[in-house]
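See below for the structure under consideration.
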Amino acid sequence: RNIPSIVSNSNAGILYAQHISEITYNEDSCYETIQWNFDGFYTGPLMDLQTVINLNNENPEAYSTSGSAGMQKGVAHLLRVYMFHAMTDRWGDIPYSEAGKGYISGTLKPKYDAQQDIYMDMLAELEAAVAQISGNSSLGNSDVIYGGDGAKWKALGNSMMLRLAMRMTKADAASAQAWAVKAINGGIIASNAGNAVIAHTDGPEGINKNGHGEVFDVDSQMRMSETFGAHLAGDPILTRLFAPGSSNAAGEIIGMPNGRTSDDYVGADGQTYAGIADRMIYAETHPALRKKDVPMVL
């Protein structure tokens with residue numbers, strides 16, 4: 001239900017990281033909407049996933065439409081880790097162990113957990129979630145990622161375990177190796193056929209379209225960041241990600257400074273920075289990345 005929340009948060013992330021720049025909606029480039037994005041995870045997808053887990057715990061026979069509460073709970077736990085992983089990698093210490101307990105236990109002010117503790121618990125949660133999934137479910141098309149294929153969900157869980165392990169290599173090499181070996185032995189995604197993707201079509205309704213493509217295409221706002229362009233200078237991947245702006249007569253792929261608007265402004269350093277008169281001279285995302293009928297890759 002909350003795929004738009006995921007899209008909004010991930011697009012904010014590419015502005016924070018200065019991969020992309022905007023001038024009209026430049027709040028994210030100026031780090032002004034972090035609180036909104038932070039709250040959105042908890043009130044959106046995490047709330048939905050916790051509800052699935054709670055209902056299956058309370059009455060699995062009544063709420064499990066797939067005929068297997070273990071399958072639904074396992075998948076919900078996998079996606080819960082997917083969300084928390086994105087959050088802790090962005091913000092570090094976050095509410096985790098007590099988060100989502102408002103309805104269950106009345107915990108309205110959850111504590112902040114240390115990132116190290118969060119990582120270790122996410123790994124344990126992935127291991128338990130994979131073990132909960134046995135066989136296929138009858139969810140069919142209601143499972144928009146894998147169509148109820150239990151083996152693919154298990155491979156995704158193990159692949160996520162491997163990703164977490166790789167992120168830990170500089171912090172705890174021994175634990176990272178142990179979890180990486182466990183993930184690989186459990187069976188990870190071996191080909192593109194196992195990728196976690198959500199299929200889309202270009203209509204007829206907006207809900208059928210790839211949300212990233214829609215956002216990139218709105219009013220031609222998103223331009224390549226000057227920071228990212230400098231980082232990719234000389235790298236052939238640059239032309240795979242971006243294309244020259246429509247008013248760039250020389251056909252150059254150049255980046256737009258982050259945080260600017262169309263008006264001149266005086267910075268904290270006392271210097272005057274010129275407003276951007278024509279954003280169309282700056283590189284736009286490659287047309288292939290703006291299509292609304294391509295899969296959204298998780």
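On a predicted model such as this, the values are computed, not experimentally measured, just so you know.
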Extract all donor-acceptor atom pairs below 3.5 Å that involve side chains of residues 291-298 and protein atoms in other chains or at least two apart in sequence.
unit_1: Lys292; atom_1: NZ; unit_2: Asp217; atom_2: OD2; d: 2.9

Heavy-atom side-chain proximity of Val75 to Asp143 below 4.5 angstrom: no
Verify, without hydrogens or angle tests, whether Asp172 (side chain) and Met168 (backbone) share a donor-acceptor contact under 3.5 angstrom. no
Going only through I, L, V, M, F, W and Y residues with side-chain contacts under 4.5 Å, is there a path from Met83 to Trp153? yes
Pairing donors with acceptors under 3.5 angstrom, does anything connect the side chains of Asn54 and Glu58? no
Can you check whether His200's main-chain N or O pairs, donor with acceptor, with Asn208's side chain at less than 3.5 Å? no
Would you mind reporting whether Tyr42 and Met87 have side-chain heavy atoms less than 4.5 Å apart? yes
Could you work out, with salt bridge (Lys or Arg N to Asp or Glu O under 4.0 Å) as the rule, every residue matching Arg167, not counting sequence neighbours? Asp89
Measuring from Thr285:OG1 to His212:NE2, what's the distance to the nearest 0.5 Å? 11.5 Å
Sorted by chain and residue number, the side chain to side chain contact (heavy atoms under 4.5 Å, CB included) partners of Asp117 (sequence neighbours excluded) come out as Ala114
Return the orientation label for the Phe228 and His231 ring planes: parallel under 30°, perpendicular over 60°, tilted otherwise. parallel
Distance-only criterion, 3.5 Å: show the donor-acceptor pairs between side-chain atoms of residues 242-259 and protein atoms not counting sequence neighbours.
unit_1: Ser247; atom_1: OG; unit_2: Asp278; atom_2: OD2; d: 2.7
unit_1: Ser247; atom_1: OG; unit_2: Met280; atom_2: O; d: 3.2
unit_1: Ser247; atom_1: OG; unit_2: Ile281; atom_2: N; d: 3.2
unit_1: Asn248; atom_1: OD1; unit_2: Ala250; atom_2: N; d: 3.3
unit_1: Asn248; atom_1: OD1; unit_2: Gly251; atom_2: N; d: 3.1
unit_1: Asn248; atom_1: OD1; unit_2: Glu252; atom_2: N; d: 3.1
unit_1: Asn248; atom_1: ND2; unit_2: Glu252; atom_2: O; d: 3.3
unit_1: Asn248; atom_1: ND2; unit_2: Ile281; atom_2: O; d: 2.9
unit_1: Asn258; atom_1: OD1; unit_2: Ser225; atom_2: OG; d: 2.5
unit_1: Asn258; atom_1: ND2; unit_2: Ile20; atom_2: O; d: 3.0
unit_1: Asn258; atom_1: ND2; unit_2: Ser29; atom_2: OG; d: 3.4

Transitively linked via ILVMFWY side-chain contacts under 4.5 Å: Val52 with Leu79? no
Value rounded to 0.5 Å, distance of CG in Leu78 from CD in Gln132: 9.0 Å
Hey, is the main chain of Leu238 close enough, under 3.5 Å, to the side chain of Asp235 for a donor-acceptor pair? no
Within the structure provided, determine whether Lys209 and Asp202 are in side-chain contact (heavy-atom separation under 4.5 Å). yes
What closest approach, in Å, do Ala129 and Gly74 show between heavy atoms, and which atom pair accounts for it? CB-O, 3.5 Å
I'd like to know if Met71 and Tyr82 are part of one continuous hydrophobic network [Ile/Leu/Val/Met/Phe/Trp/Tyr, side-chain heavy atoms within less than 4.5 Å]. yes
Give me the ring orientation class for Phe38 and Tyr112: parallel if the planes are under 30° apart, tilted from 30 to 60°, perpendicular past 60°. parallel
Donor-acceptor contact present, side-chain Gln115 to main-chain Thr88, <3.5 Å: yes
d(Asp149 CG, Asn136 CG) to nearest 0.5 Å is 5.0 Å
In this structure, are over 12 heavy atoms from other groups packed under 6.0 Å from Asn141 atom CG? no
Arg80 side chain near Leu46 side chain, heavy-atom distance below 4.5 Å: yes
Using side-chain heavy atoms (C-beta onward) and a distance below 4.5 Å, is Trp179 in contact with Met120? yes
Is the closest side-chain heavy-atom distance between Tyr119 and Ser175 below 4.5 Å? no
Rounded to the nearest 0.5 Å, what separation is found between the CD atom of Gln72 and the CG atom of Asn56? 4.5 Å
On a heavy-atom basis, which atom in Ala99 and which in Pro110 lie closest, and how many Å separate them? N-CB, 3.9 Å
Between OG1 on residue Thr261 and CZ on residue Arg279, distance to nearest 0.5 Å: 12.0 Å
Between the side chains of Ser97 and Asp113, does any donor sit under 3.5 Å from an acceptor? yes
Do you reckon Leu232 sits in the same ILVMFWY cluster as Leu289, going by side-chain contacts under 4.5 Å, direct or chained? yes
Pair up each side-chain donor or acceptor in residues 156-166 with any protein partner under 3.5 Å, not counting sequence neighbours, and list the distances.
unit_1: Asn158; atom_1: ND2; unit_2: Lys154; atom_2: O; d: 3.3
unit_1: Asn158; atom_1: ND2; unit_2: Gly186; atom_2: O; d: 3.1
unit_1: Asn158; atom_1: ND2; unit_2: Gly187; atom_2: O; d: 3.0
unit_1: Ser159; atom_1: OG; unit_2: Ala155; atom_2: O; d: 2.8
unit_1: Ser159; atom_1: OG; unit_2: Ile189; atom_2: N; d: 2.8

Check whether any side-chain heavy atom of Leu123 lies under 4.5 Å from a side-chain heavy atom of Glu127, and answer yes or no. no
In short, ring pair (Phe, Tyr, Trp, His ring centres under 6.0 Å) pairs touching residues 256-298 with sequence neighbours left out are Tyr265-Tyr273
Does the pair Glu22 and Arg223 meet the rule for a salt bridge (charged side-chain N to carboxylate O under 4.0 Å, His left out), with working shown? CA-CA 6 Å; Glu22 292 185 359; Arg223 303 277 125 183; over 6 Å; no
When you compare the side chain of Ile145 with that of Lys152, does any pair of heavy atoms fall below 4.5 Å? no
Spatial distance of atom NZ (Lys101) from atom CG (Leu108) [nearest 0.5 Å]: 13.0 Å
